[in-house]
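All remarks here apply to the structure that follows.
Computed from a prediction, not measured in an experiment: that's the story for all the values here. What's counted below: heavy atoms across the whole structure, side chains too, no hydrogens, waters or symmetry copies.
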Amino acid sequence: MMLNDSRSWLGLAALVLLGWLVHQLQPVLMPFLVALLLAYLGDPLVDRLEARGLSRTSGVVVVFILFSLILLALLLVLVPLLGKQLVRLYELAPEMLDWLQGTALPWVQKKLGLRYAFWRFDRIKTLLAEHLGQATDIAGILLAQVTSSSLALLAWLGNLLLIPVVSFYLLRDWDVMMGHLRNLLPRKREEWVVRLAGECHEVLGAFLRGQLLVMLALALVYAGGLMLVGLELGLLIGLLAGLASIVPYMGFVVGIVAALVAVLFQFGLDWYPLLGVVVVFGIGQLLEGMWLTPLLVGDRIGLHPVAVIFAILAGGQLFGFTGVLLALPVAAVIMVLLRHMHEFYKLSRLYGESGGDSQESSESP
């Protein structure tokens with residue numbers, strides 16, 4: 001009994017120490033965690049290339065070239081278009097504020113019977129104008145930071161260049177590292193730990209690979225559809241809705257609300273653009289529910305949307321961007337452990353006794 005208690009306290013102390021180390025090493029861990037994520041996502045592709053006869057190193061090179069081409073295409077095509085949309089949003093912001101003040105909010109106020117000064121819009125407009133004015137100085141602030149702290153800039157560039165280097169070595173030696181880790185496991189517990197790790201891998205892989213592909217597909221559908229409708233900010237809103245789709249239905253809600261507001265501002269009460277927005281998001285939901293999610297994710301994920309939201313927010317609050325990267329893997333592991341704890345509880349004497357008592361009480365007159 002004393003031995004079990006000491007092991008429990010040692011395990012708790014190890015978890016506390018690990019959390020403290022992650023908090024202290026945030027700037028150093030970030031490039032390694034990004035590299036680990038890229039290696040984890042790229043390992044199945046390399047394994048398939050190996051099965052086709054390529055060496056491990058050649059497969060890694062092919063996957064790196066593929067990732068580089070995708071990144072280059074995004075930089076050459078998507079970034080300029082997105083930059084134009086952000087500039088357009090900045091130009092439209094004063095007009096949108098005037099439209100809200102003069103048209104939208106008075107209509108809502110009249111329909112709901114609110115008093116005249118309910119919105120305090122002048123104060124809101126002043127605050128937004130101040131923040132927009134500060135946003136125009138971002139380039140100057142960044143330039144001042146660069147000139148005043150060149151060492152910090154060099155460190156940031158070093159971390160950025162470190163990501164592909166670490167990713168390459170992790171991806172090349174992935175199977176070897178997994179084999180070494182398996183050999184370190186206690187022999188009596190190896191089968192159980194491997195099965196547990198396999199379940200975590202199934203949940204996490206389904207989420208990272210499947211859900212990211214779903215997000216990408218929905219972003220393309222929403223952005224392309226809204227641009228066909230003629231919405232000026234269609235690309236920006238579509239990408240925002242796709243990113244928000246990391247939580248089921250959140251992308252739909254965020255996207256359709258933003259798109260409807262943008263359509264009302266741009267076209268007024270013209271029913272054709274409004275109907276077009278509804279059709280675009282309806283098609284996106286049908287594709288997600290009937291084809292994308294069953295094909296790419298399936299029912300293996302098991303992470304509740306509330307758990308996803310809480311994990312991301314808690315990770316960001318505790319450990320910043322490093323915590324966001326660690327949030328979903330940790331949530332997947334905790335979910336698998338809770339599932340096994342639930343199974344152990346169902347097999348325990350405590351559950352049997354409570355079940356027996358309830359059964360006796362139900363049978364007694």
Side-chain angles (χ1 to χ4, degrees), residues 11 14-15 18-19 22 29-52 56 59-60 63-64 66-67 163 166-216 245-248 292-312 314-315 319 322-344:
L15 287 176
L18 180 61
V22 170
L29 284 178
M30 190 273 292
F32 290 93
L33 290 175
V34 174
L36 184 63
L37 176 63
L38 293 176
Y40 179 76
L41 294 175
D43 180 64
L45 294 176
V46 178
D47 290 340
R48 290 183 181 181
L49 292 175
E50 268 193 298
R52 293 179 179 269
R56 183 75 184 182
V60 172
V63 171
F64 255 73
L66 178 62
F67 282 1
I163 291 175
V166 176
S167 299
F168 178 85
Y169 286 111
L170 287 176
L171 196 52
R172 190 192 65 179
D173 300 329
W174 187 268
D175 293 338
V176 177
M177 291 187 300
M178 294 299 104
H180 288 323
L181 288 176
R182 182 166 183 170
N183 289 332
L184 290 175
L185 297 175
R187 298 297 90 190
K188 292 183 179 180
R189 304 278 181 160
E190 179 187 5
E191 183 179 354
W192 180 79
V193 174
V194 169
R195 182 162 56 89
L196 193 66
E199 293 182 20
C200 295
H201 168 71
E202 187 176 4
V203 172
L204 189 59
F207 189 89
L208 290 180
R209 299 188 184 99
Q211 193 66 28
L212 287 178
L213 289 175
V214 170
M215 290 164 57
L216 177 61
S245 298
I246 190 172
V247 178
L292 293 174
T293 299
L295 178 64
L296 299 175
V297 180
D299 57 354
R300 299 167 295 169
I301 183 170
L303 282 175
H304 195 276
V306 176
V308 174
I309 297 173
F310 178 78
I312 294 174
F319 304 110
T322 303
V324 173
L325 292 176
L326 289 172
L328 292 178
V330 172
V333 173
I334 292 176
M335 191 210 68
V336 173
L337 292 176
L338 289 176
R339 185 187 302 164
H340 280 272
M341 289 176 62
H342 178 259
E343 293 177 358
F344 290 151

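Of all non-hydrogen atoms in S167 and A39, the two that sit nearest each other are O-CB, 4.3 Å. Scanning both residues, F67 and G42, for their nearest heavy atoms gives CZ-CA, 4.3 Å.
The side-chain contact (heavy atoms from CB on, under 4.5 Å) test applied to R195 returns W192, E199, H340, not counting sequence neighbours.
Residues L36 and F32 are not in side-chain contact: their nearest non-hydrogen atoms beyond the backbone lie 4.5 Å or more apart.
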Show the atom names and distances, to 0.1 Å, of all donor-acceptor pairs under 3.5 Å that link a side chain in residues 169-176 to residues at least two apart or in another chain.
unit_1, atom_1, unit_2, atom_2, d
D175, OD2, R56, NH1, 3.3

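Between the side chain of R189 and the backbone N or O of R187 there is no donor-acceptor pair closer than 3.5 Å. Although no hydrogens or angles enter the test, the distance criterion places a donor-acceptor pair under 3.5 Å between the side chain of N183 and the main chain of G179.
Note that the CZ atom of F344 and the CG atom of L337 stand 9.5 Å from one another [nearest 0.5 Å]. The line from CG of D43 to CE of M178 is 8.5 Å long, rounded to the nearest 0.5 Å. In this structure, L37 CG and L212 CG are separated by 7.5 Å, a value rounded to the nearest 0.5 Å.
With a 6.0 Å radius and a threshold of 12 heavy atoms from other residues, nucleotides or ligands, E191 has its CD atom at or below the threshold.
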